[in-house]
S.K.: 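Just passing along the structure, written as structure tokens.
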Amino acid sequence: MSTAGKVIKCKAAVLWDIKKPFSIEEVEVAPPKAHEVRIKIVATGICRSDDHVVQGTLPTPLPVIAGHEAAGIVESIGEGVTTVKPGDKVIPLFTPQCGKCRICKHPESNLCVKNDLQSPLQGTLQDGSRRFTCRGKPVYHFLGTSTFSQYTVVDEFSVAKIDAASPLEKVCLIGCGFTTGYGSAVKVAKVTQGSTCAVFGLGGVGLSVIMGCKVAGAARIIGVDINRDKFAKAKEMGATECISPQDYTKPIEEVIKEMSDGGVDFSFEVIGRLDTMVSALLCSHDSCGVSVIVGVPPGSEQLSVHPFELLTGRTWKGAIFGGYKSKDSVPKLVADFMNKKFSLDPLISNVLPFEKINEGFDLLRSGKRSVLSFFLCMHPYHPNIWERLDAVPVTVF
Ligand code: CND
Ligand code: ZN
Ligand code: ZN
């Protein structure tokens, strides 16, 4: 039976309050309106930005369905949609690409004006309304994607069609973590052959920065993290050395400057803390260094640096989604993945059934990035056994 044009009742993880666990609920997902697409999510990653929502450091209206790093299959389309059709494999785009605004036409920039990244977030689709309800209450969207739901509705410019053969449990990482990190190195910083780089924060995004630095030909890549368990993976991905600020009495920027003849060529803050943003800036060479902010900072806090730190010639910049124009770039990155130009396996610590979302967040907080799958379902008689399913049952109204 076709579900097109009907309300779908399905499973979603609703966040009713900050600092509380997600609650797995039955939600109603309205059909897509004109220029909208309803997607059956197959796999969704858990990124630290989702945890910023839970912690309240990325202020979002509540209740909300978070999640912004996913892959799925188009279930139905609204009127006027031309770039995807039912059955297409797709990746939702938390940074849209409308193709028409000043930024979409800008050759370098990527933050389309249709984005929902202002503070606080608006939490709706482009027309200002919502497609989710739970227990009779409307539920907010998150970054136009809301992937912690079996079905979601997005605007057409917030979804990209990808290769029909793509493994969705892997390429979902191209929806955020991989692309954000990799692009920060190759596209935003434009890391050069033979350069020295420092990467602060060795989570999924930081490891992807390292992959980008390596591909760009960096000669030295210094990984910085307070969790030493991250060092082995970082080295596997291309870090040439790894250090912990906790092993030194002097500031880490001084240590790195001594290691790199006065400062690195490129530095990256991939944690989301103000102190490490300043350390990353200061460890870059004061006349030729480029420092990129990738981490999402907490709430409304302000940074403070002496203007001289920039006056001498440093560049300080930041970017969302690795500077990539999303709708154009995501299909190409998926094609590169399919052509084995890079691997995503090292970025995934666990694949968990969707219902284990709270465990997935605990794992993230202990340093492990998980992918949640809607195709793993609990065995009816053995609660500890999870089976792969080809289709997930849903109720249609
Ligand atoms: P994750 O939490 O997995 O990694 C952060 C790493 O930083 C961990 O390994 C920590 O041990 C390490 N760390 C924490 N504190 C310190 C410290 N004081 N000094 C050194 N290391 C420390 O996070 P992630 O990789 O998922 O995300 C990293 C950041 O990127 C995070 O702030 C997230 O919100 C942000 C981000 C940005 C964008 C974008 O478009 N710019 C997109 N998604 C995520
Ligand atoms: Zn993210
Ligand atoms: Zn645009």
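This one's a predicted model, so the numbers in the text were calculated from it and none came from an experiment. Order of listing sets the numbers, starting from 1, for every ligand and every atom in it.
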S.K.: For atom 26 (O) of ligand 1, what's the nearest protein heavy atom and its distance?
M.R.: Arg369 NH1, 2.7 Å
S.K.: Which heavy atom of the protein is the closest neighbour of atom 42 (C) of ligand 1, given with residue, atom name and distance?
M.R.: Cys176 SG, 3.4 Å
S.K.: Atom CZ in Phe157, atom CD in Gln126: separation rounded to 0.5 Å?
M.R.: 4.0 Å
S.K.: If we ignore angles and hydrogens, is there a donor and acceptor under 3.5 Å between the side chains of Thr57 and Gln55?
M.R.: no
S.K.: Looking only at distances, please establish whether an N/O atom of ligand 1 is found under 3.5 Å from an N/O atom of Val296.
M.R.: yes
S.K.: Taking heavy atoms and a distance under 4.0 Å, where does Thr180 meet ligand 1: side chain, backbone, both or neither?
M.R.: side chain
S.K.: What residue and heavy atom of the protein are closest to atom 37 (C) of ligand 1, and at what distance?
M.R.: Val294 O, 3.0 Å
S.K.: Side chains of Ser146 and Thr152: any donor to acceptor distance under 3.5 Å?
M.R.: no
S.K.: How wide is the angle at the Zn ion (ligand 3) spanned by Cys112 SG and Cys101 SG, rounded to 10 degrees?
M.R.: 120°
S.K.: Give me the nearest non-hydrogen protein atom to atom 9 (O) of ligand 1 as residue plus atom name, then the distance to 0.1 Å.
M.R.: Asp225 OD2, 2.7 Å
S.K.: Is a donor from one side chain sitting under 3.5 angstrom from an acceptor on the other, for Gln97 and Asn110?
M.R.: no
S.K.: Under a 4.0 Å N-O cut-off, is there an ion pair linking Glu309 with Arg314?
M.R.: yes
S.K.: Pick whichever of Gly295, Gly223, Gly201, Gly45 has a heavy atom sitting closest to atom 30 (O) of ligand 1.
M.R.: Gly295
S.K.: Between the side chains of Ser267 and Ser284, is a donor N or O closer than 3.5 angstrom to an acceptor N or O?
M.R.: no
S.K.: Taking the Zn ion (ligand 3) as the vertex, what is the angle from SG of Cys104 to SG of Cys98, given to 10 degrees?
M.R.: 120°
S.K.: Check Ala319 against ligand 1 and report side chain, backbone, both or neither, counting heavy atoms closer than 4.0 Å.
M.R.: backbone
S.K.: Students should be able to answer this: which protein heavy-atom is nearest to atom 32 (O) of ligand 1, and at what distance?
M.R.: Ile271 O, 2.8 Å
S.K.: Give, rounded to 10 degrees, the angle between SG (Cys176) and NE2 (His68) as seen from the Zn ion (ligand 2).
M.R.: 110°
S.K.: Applying a heavy-atom cut-off of 4.0 Å, say which part of Ser49 lies close to ligand 1: side chain, backbone, both or neither.
M.R.: both
S.K.: One thing to verify: whether Lys230 and Asp225 come together as a salt bridge, which I'm taking to mean a side-chain N less than 4.0 angstrom from a carboxylate O.
M.R.: no
S.K.: Would you check if the distance from the ring center of Phe22 to the ring center of Phe361 is below 6.0 Å?
M.R.: yes
S.K.: I'd like to know if the side chain of Glu169 reaches the main chain of Cys172, judged simply by a donor and an acceptor atom lying under 3.5 Å from each other, with no hydrogens or angles considered.
M.R.: no
S.K.: Note the single closest protein heavy atom to atom 23 (O) of ligand 1, along with its residue, its atom name and the distance in Å.
M.R.: Arg48 CB, 3.3 Å
S.K.: Tell me which part of Lys230 gets within contact of ligand 1: side chain, backbone, both or neither, using heavy atoms under 4.0 Å.
M.R.: side chain
S.K.: Under a 3.5 Å threshold, yes or no: a donor from one side chain and an acceptor from the other, between Arg131 and Ser129?
M.R.: yes
